[in-house]
Each structure stands twice: as structure tokens, then as C-alpha cells.
Amino acid sequence: MDVVVARAAGRERRWVPTVRSLLIGALVPTVAAVLALAANPLGEASAVAIFMLAVTVAAIWGGLWSGVLAAVGASLALPVLVEPAGGARFEGSRDLIAAVVFLAIAVVLGLVVGNATDERHRAERREREARLLAHLSGTLLGGDLPERALDEFAQLLLEPFGLAACRVEVSLDGTPLRASATRGEGGGPSEVVPIIVGQVPLGTLVAERPVGARPFGRDERQLLEAATRQAAVALDRARLDARARLAQLDAETSQLRAAMFSSVTHDLRTPLASIKAGVTSLLDETAHHDPEQRRELLTTILEETDRLNRLVGNILDLAKIRAGALIPRRTPTAIDEIAEAVVERIRSRAPEVRVELRFAPRLPDAAVDPVQIDQVLTNLLENAVRHSPAGGTVRVHLAQAGRAVRVRVADEGPGIPPEEREKVFEAFYRGGRAPETSGSGLGLTIAKAIVTAHGGRIWVEETTGGGTAVVFDVPIEEAHL
Amino acid sequence: MKVLVVDDEPQIRRALRTSLEAHDYEVVTVGTGEEGVVGVADLAPDLLLLDLGLPDVDGTEVIRRVRAFSEVPIIVLSVREAQTDKVAALDAGADDYVTKPFAMEELLARARAALRRAQPDEPTQPILRFGSLEIDLARRLVTREGEAVHLTPTEYALLEALVTNPGKLLTHQWLLRRVWGQGYGTETTYLRTYVRMLRKKLGDDASSPALIITEPGVGYRWVAEPAG
């Protein structure tokens, strides 16, 4: 940051001649005199004009004191350089008039220039202050964590204010927050500014200069207060943000819980409904079941019992994942062999959908837990089959992708809109396009947990036909690299 | 008797079809709400068994659409057991609500009751008998074991609403509007008070009712089967 505001205001210095202004005041008439000498013999009018120019230049360049000094110099030099033209009396009055004119020019121009310079300084300072404040508020409102933003804020104040140390101590909703920045030894003049939002004090800002540094000026104090107000606003926003986030998290958690509850209720009761209807029907002595009907009912009961069992397994898996008990037992594994077995199993379970398996001929082994990867593949394939139209094709493709084995399971189902592609991995999420009673809503959640535990990643892509492809990477066995 | 089953679960469709066919019902099953509405229009079934959680339209909406053109008895079969779901479905025009999982006997009994109510050719008897209880709808007289039971006009109106809809689950809102008038609908405490009075006068025991069953949070049902 190149903003420096710790500088005495120009106005205060104006009535004291600086070395620079005296140098200019001495230099300019000397140059004028040299020019006048060089142009010898010089007419009276020309000489006066040259010195007038010199005074003007000095006053504009160096301000009031340069102008006055130049005027004095010019008044002294004029009689020496220009031969008296008509008697000492006239000569004396001429030089006096010239001296008064020179002085008048110097004073008027010097004051005008001085005012303009003051204005410019003020404008520059305001600009610097505005830039500093803008920078500070940018830093504070940048959406960073309050701690980090405050540290940076303290750091940013060091240089502009010439500080050795800057400390901020606040309390946000009972949480103490500290930030500080130092640059060399402190112990000099210090300033304590309260940080206040509305009427509520949040804390203080302490600015400290090195030993022997000049005390804080009024302007600097004001600017420091303005900077502190920026911090206060930002802190207040951070506090409100945190509250809003907490409230949102709360709402999401209870929403998730409600969704989970209704989902589990639904998923457990639906197969139970078929089982109970079947059993009570078989027990009903007033009904006349022929052997075919009995078989139908018993088959339904059997299938629904399996489904219930799978669901309970999934829920237990999820519980295990949540408890952090899912640790892969990695062994060098040929994923293509697992895929073949899973595909075979799915084919027999869902004959109405075609399942196609392709893999590279020399696929390297992966460092995975075969049982867990079997489950990932089973979940992905079950999903794909469930979302496939009758007669559709599910394509399973295995290939090496860098240091990973990449598995892609694509279906010809209705696809998943881009905004839902992340959500499908959330527990009990069901796509809007999926039938309500299809899966457990846990398959992809479990798959993601397993893949992540293997250090891999899993994501959803669109297929060219508008269907869904779930893709995952798991690391290749080291020996193959 | 033709029954249309609307449920997106193939297994429950199969179980219902087999069980109902074993009781000589003619069964047609469909998997979506749209097919359900069209099915009612095309097949004119005698009974509609409807799941609420359908993939396309919610079951409550299906009830509303069907009620726009048909008075077919509708029994809702759902895993949703929240009172609000039941009330919404019943207020939309469903006749009964059976929570999954259910026993076939129960569903069959509810189905029989719904079908009986819907019989258009069976004129309502002016005198109804439930055991020793006798209700003369024409003269507005109620006797119990031969003794006259004195009912206030509101109590009688409530009794009439119940006995003329035997077996049907009547929601609080429906009963309040029917007995107290259109401006009512949320004053369930009135209803509770009058049902208690009615039970007392009719000799019904609230802990094991033989006449009026309370469906907590939803409404009441007249369960006594008329005798003779």
C-alpha cells in the first residue's frame, strides 16, 4: 500500500520559509541577472521585464517566500545592472517603484499559488484517506473470516499511520476476537479508539507509534476513527452473517432430519405393506386362492423381504459411515473382475435392462477394498437400472485415467439437471424425476463415502443421450506406477 | 365389482390384485395419478384404491380431479400417517383412509362398507336399528331398549350425519359444516362435547365404542352395522 497519511498538513508549514523556497528565491533572480548581463547592453524596460518574469517564476514555483526573496533580489540587482538613464532622483524613484511592483507580484502570486497548493494537498490527502478507507472496507467486507480480516486490517493501518503496533480487541456475541500487527518497537505516542456499532461497544483499537515519534494530529485521529468505524460495520456484518448461517444450518439440519425420517418411514413401510397384505390375504380363510395366486403372493413376500433387508443394510452402512467406522482394507484388486461379477448379478435381477461392460485390456490393479468397491458398483448399477427405461442400456466402462482407475456407469434415463448433480450424493435425496418409491436414497451417499475413504472422487456427468453417468476414480496400486 | 388400484409400487399392486381377485373382485391396476384419473373415467370402477405418493401427481390432487366428475368411493392407501395428510385427503373427497401396512381383512371390510354406502338402488331405511338402539329418521325419534332418548336438535343433527354415512370417516370440518353450518370448521371442541353427550345418551362406551369411533385429530366414524 502506498497510502501515507501521517504527514503534517501543508497549511501549517506555509508561514515558515523552507530551504527549498529560499533556494528557489535565490536561484531564480540570479539566473535572471546572469541572463540580463549576457544580453548587455540591456534596455531598461527589458531588464524590468526579465526581473518581473523571474519574480513570477519564483513565486509560482516556490511559493510566497521564494517570490519575496526573488523580489528583494531583483530590486537589489536592477539598479546595479541597468545604467541610470536620467539623474539620481529619477533613478531612485524608478528602483523603488520596481521594488514595490516586484514585491506585489511576489506576494499576490505567492499567496494564490500557496492556496492552490494547499487545496491540492488537501485534495490529495482526502483522496489518500478515501483510498485507505476503501481498501480497509474492501478487506473487511471481503467475506473472509472476521479473524483474518481483522489481522489484515491491523496490518494495513501500520504504514499509513506510521505505527509500530496496532491491536484490535473485540467481543462478538460473547466470542472474544483479537488481532494485532507490529512493525518494530512500540512505546511511543498511542491512541485508543473504541469500536462501536449503533450504541453497542464491541471493543477497542489501540494504535501505537515507535518511541520518539510525533503525537497523533487531529486529522490523523479523525481518520483513525473513520477507519475504526469501517471495522465496526464489518464486524457487525460478520456477526449478523454468523447468526444467519447458524440459523440456516439449524433449519437445514432439522429439514434433513425431517426428510430422513419421512424417507425411512416410507421406505420401511412400503415393503412391509406388501408383505402384510400378502400374509393377511394368505391367512384369510374366506378367500379362495388358487395355487398360482398363492405363488404370486409368496413371491411378493419374498422379494419385499429381500428389499427390506437391503434397506436395513444400507441404513446400517450409513450409520457406520457417520460413526467413522468405514476404513477400507486395501489390497491390489482387479476392478474389472469385480465389475464382471456385479454386472452378472444385476443382469439376473433386472432382465428388462441391457447391461454392457467394457474395459481396457491391460487395466492396472487398484489399491482398494474389494468388498467396498463391489458395493459401490452394485449401488451405481442398481441406480442406473432403476432409472433406465424398459429395454434401455446401462453402459459400464473401466479405464485408466492417470494414476487412477476410472469407472463410468451410464444410463439412458431422464438425466439429472446440473443444479441437482451435487445433491444426489446427499443422504435421502431423491431426484425430482425419479419415482418416489424407487431406491433408498442412500446408494449414492454410501458410494461417495466409500470412494472418498479410498482417496478417490465421484461425480455425475451428462451422457450424450441426455441420461446420467456416475463416474468415480480410485487410485492405482503403487506397484503399477 | 370392479376395483381400480392406483399405486406406483409393483409389489403392492401385485399383492392387492391377487388378494382382491381371490375375493372375486375384478381388478385393474395402474402406476400413475394420470392413469388413475383417466382409468376412473374410462372404466367407471365401483371402487378406487389410491396411493398418495405417486410419481406424477399427488394422490390428493387425483381425488380432487376424480371428484370433479365421479362419485366413485375412494379409499386412500398410504404410508403417510400424519393427521394433516389424512384430513387433506378426506376433505378433498376421499371416503376412507387406510394406513400402510394394513391387514387385508381390514381393507376388505372398509371396501365393503364403502361399496354398500355407494349402492344407489338401496333406499335409506326410515328406521335404522343397531342392537337395542332404534333411530326413526322420518319422525326424528331415537329409542334405546324401548325408552325414548331425548336429544337436543344439535345432538340429533350430529347423530343423523353419522348414521347416514355408516363406516365413513367423517372429518371434523365436514361434521361442523354439516351440523353447525357453513361458517364453522375449526371448532373441534364443540364437536368433542357433543360426541361425548351423544355417546352418553346412546349408551356407547368411549373406551371401547361400538357406535362412534374417534379417529384422533381427524374425525369420527359410525361403525355399528345396522341390524335387520
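To find a chain, count down the sequence lines: A is the first, B the second, and so on, and within it residues start at 1.
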Take atom [atom1] in [X]; do more than 12 heavy atoms of anything else shown fall under 6.0 Å from it?
X	atom1	value
E461(A)	CD	yes
R199(B)	CZ	yes
F102(B)	CZ	yes
R349(A)	CZ	yes

Heavy-atom side-chain proximity of L297(A) to S19(B) below 4.5 angstrom: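 L297(A) vs S19(B): side chains touch.
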
Heavy-atom side-chain contact between T270(A) and I12(B) under 4.5 Å: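 No, every pair of side-chain atoms sits at 4.5 Å or beyond.
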
Closest heavy-atom pair and its distance - S274(A), A15(B):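 Distance-wise, the nearest heavy atoms are O-CB, 4.1 Å.
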
[atom1]-[atom2] distance between [X] and [Y], expressed to the nearest 0.5 angstrom:
X	Y	atom1	atom2	value
S281(A)	E21(B)	OG	CD	10.5 Å
H288(A)	D24(B)	NE2	CG	5.5 Å
M104(B)	L283(A)	CE	CG	12.5 Å
R80(B)	R269(A)	CZ	CZ	13.0 Å
L108(B)	T286(A)	CG	OG1	7.0 Å
Q11(B)	R307(A)	CD	CZ	5.5 Å

Among the listed options R13(B), R14(B), K100(B), the residue most often paired with chain A at heavy-atom distances under 4.5 Å: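 Between R13(B), R14(B), K100(B), the count favours R14(B).
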
Among R17(B), E105(B), E106(B), H23(B), residue most engaged with chain A (heavy-atom pairs, under 4.5 Å):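 Ranked by heavy-atom pairs under 4.5 Å with chain A, first place is H23(B).
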
Part of Q293(A) lying under 4.5 Å from any heavy atom of chain B: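 Answer is both: backbone and side chain atoms of Q293(A) are under 4.5 Å from chain B.
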
Region of E303(A) in contact with chain B, defined by heavy-atom distances below 4.5 Å: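 Just the side chain, heavy atoms under 4.5 Å.
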
Region of L16(B) in contact with chain A, defined by heavy-atom distances below 4.5 Å: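 Neither part.
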
